[in-house]
Amino acid sequence: MEGTIFSCVILGLAVMVGVVTPGVDAARAFFVFGDSLVDNGNNNYLATTARADLPPYGIDYPTHRPTGRFSNGLNIPDLISEAIGSEPTLPYLDPELNGENLLVGANFASAGIGILNDTGIQFINIIRIFQQLQFFQQYQQRVAALIGEEQAQQLVSNALVLITLGGNDFVNNYYLVPFSARSRQFSLPDYVVYLISEYRNILARLYELGARRVLVTGTGPLGCVPAELAQRSRNGECVAELQRAAALFNPQLVQMVSSLNNEIGSNVFIAANAQQMSSNFISNPRAFGFVTSKVACCGQGRYNGLGLCTVASNLCPNRDVYAFWDAFHPSERANRFIVREILTGDTRYMYPMNLSTIMALDTRT
């Protein structure tokens, strides 16, 4: 299914969530853009094969039912919402996202998408990133109608934003098939430069639309996920070429974010090194309480990495001891380790600062 790899502490901060009226400060909203790592169920409302709305997805979610999250339980946006004391954001296409629910924020993410518009074309009907940004504009118009334009602008400028892109541009584009169109067009180093340039344009557009605190994740360890081990690895070692792609992409993402911040004159964008966060428990799973970081909990074939996670798949009895839930996506417990580093990690993981520092700074100002 999705090729995106997670490209990824309770804060003592009270965050009010409720009706905003003139003269009352808006609660800190949370907006999410990206792919399957952060999709909370938008693809449930689309005619696409990139969806997670059937069991056993959601087996450990509070309702024990599939929600469209590519997880056994909570995903990264859920855990960030939990950490900042907010309600989970609803998918933008969810009919319940109206009235007061709009003031919590919105999740625009869609499984299968990438930085590039041609990434994920095999999934057909998905919300590409330019469409997610158009929905963000539409969202702001809806909120302005609810609480007034000035308050709506304040809500957006005070919000926290998460964007997760890049993994699919490699796994579901450049390396999807041998001699893909993009691999014939670009050498890998040149492709990475192109992706970074396009990602920069996306972030600049987010800034134009009012975003002022944006967590930007890179790719995870692309060559280490069960799907790639099953298809490309001879002995269970991470696939070198995909690891090379991640190793090229992530440092350039940090450089691009730093350059963009310098141009703006403020630390609007924060780079999250999902590759390093994930590599810790992938390289030494037992130190984190996992029995394996190679075999997916749900799947079939080598490493449970072939095909989709369905009711007919092998299913592990204890998801907490598996780093990967399915062929591409981390388990809820692995997501918690990723979010822990987002919250409190040093500059190896979060540059130029972590989320708890951001929250403390923004609370003072």
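Predicted model, so just to flag it, every value in this text is computed and none were measured.
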If you look at every heavy atom in [X] and [Y], which pair is closest and at what distance?
X	Y	result
F249	L195	CE1-CB, 4.0 Å
R232	V239	CB-CG2, 3.6 Å
S233	E237	OG-O, 2.8 Å
A271	V254	CB-CG2, 3.9 Å
L229	G223	CD2-O, 3.8 Å
A29	L155	CB-CD2, 3.6 Å

Spell out, as yes or no, whether a donor-acceptor pair under 3.5 Å connects the side chain of [X] to the backbone of [Y].
X	Y	value
D326	F70	no
N40	T89	yes
S356	L343	yes
S197	V193	no
N98	P95	yes
R319	P317	yes
N354	G345	yes
R28	N158	yes
N261	V268	yes
S36	A111	no

Task: Test ring-ring contact (aromatic ring centres under 6.0 Å, His included) applied to Y139 - qualifying residues, sequence neighbours left out - done: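 Only F31 meet the ring-ring contact (aromatic ring centres under 6.0 Å, His included) criterion with Y139.
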- [ ] For F130, enumerate each residue passing the ring-ring contact (aromatic ring centres under 6.0 Å, His included) test, keeping only those at least two apart in sequence or located in another chain.
- [x]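 With sequence neighbours excluded, F130 shows a ring-ring contact (aromatic ring centres under 6.0 Å, His included) to no residue whatsoever.
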- [ ] Check the pair N335, L74 against side chain to side chain contact (heavy atoms under 4.5 Å, CB included), reporting the backbone distance first and the verdict last.
- [x] CA-CA 8 Å; N335 279 333; L74 302 179; over 6 Å; no
Close aromatic pair by centroid cut-off 6.0 Å: [X] and [Y]:
X	Y	result
F324	Y303	no
F135	Y92	yes
Y57	W325	yes
F186	Y174	no

Does the side chain of [X] pick up a donor-acceptor pair with the side chain of [Y] at under 3.5 Å?
X	Y	answer
R333	S331	no
T217	T164	yes
S259	N262	no
T119	D169	yes
Y175	E228	no
Q122	N172	yes
S110	D39	no
N280	Y349	yes

Within the structure provided, determine whether [X] and [Y] are in side-chain contact (heavy-atom separation under 4.5 Å).
X	Y	answer
M256	L203	yes
C309	L315	no
F281	I338	yes
L93	I127	yes
M350	M277	yes
L54	V311	no
N107	P77	yes
Q137	L209	yes

[X], [atom1]: over 12 other non-hydrogen atoms inside 6.0 angstrom:
X	atom1	result
I264	CD1	yes
E149	CD	no
E208	CD	yes
Y351	OH	no
R205	CZ	yes

Check whether [X] and [Y] end up in the same hydrophobic cluster, where Ile, Leu, Val, Met, Phe, Trp and Tyr are linked by side-chain heavy atoms less than 4.5 Å apart.
X	Y	result
I124	L46	no
V295	V225	no
F170	L176	no
L308	L306	no
V192	L260	yes

TODO: Establish, for the pair R182 and Y191, whether the NZ or CZ atom is under 6.0 angstrom from the six-membered ring centre and no further than 45 degrees off its axis.
DONE: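 Output no; distance or angle outside limits.
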Task: Aromatic ring pairing F108/F136, orientation class (parallel under 30°, perpendicular over 60°, tilted between) - done: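 Taking F136 first and then F108, their aromatic rings stand perpendicular (interplane angle over 60°).
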- [ ] Pick out which of I270, V214, D362, I80 makes a side-chain contact (heavy atoms from CB on, under 4.5 Å) with L160.
- [x]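 It is I80; the other options fail the test.
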Task: Positive for side-chain contact (heavy atoms from CB on, under 4.5 Å) with M353, one of T347, D346, I358 - done: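 The residue from T347, D346, I358 that satisfies side-chain contact (heavy atoms from CB on, under 4.5 Å) with M353 turns out to be I358.
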Open item on the list: Does the SG of C298 lie under 2.5 Å from the SG of C316?
Closed with: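 In this structure, C316 and C298 share no disulfide.
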TODO: Report the C-alpha distance between N250 and T219 in whole Å, list the side-chain angles of each, state the deciding distance to 0.1 Å, and finish with yes or no for side chain to side chain contact (heavy atoms under 4.5 Å, CB included).
DONE: CA-CA 7 Å; N250 289 306; T219 71; 3.3 Å; yes
- [ ] Indicate yes or no: does R69 engage E332 in a salt bridge with an N to O separation below 4.0 Å.
- [x]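 Salt bridge between R69 and E332, a charged N being under 4.0 Å from a carboxylate O: no.
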Task: L188/E241 under side chain to side chain contact (heavy atoms under 4.5 Å, CB included): CA gap, chis, key distance, verdict - done: CA-CA 9 Å; L188 178 61; E241 181 65 7; 3.7 Å; yes
TODO: Check the pair N173 / D118 against side chain to side chain donor-acceptor pair (under 3.5 Å), numbers first and verdict last.
DONE: CA-CA 8 Å; N173 192 329; D118 58 305; 3.1 Å; yes
Task: Intermediate values then yes/no, side chain to side chain contact (heavy atoms under 4.5 Å, CB included), V104 and S86 - done: CA-CA 7 Å; V104 177; S86 178; 3.7 Å; yes
Task: Separation between CD1 of I115 and CD1 of I196, rounded to the nearest 0.5 Å - done: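 Interatomic distance, I115 CD1 to I196 CD1, rounded to 0.5 Å: 6.5 Å.
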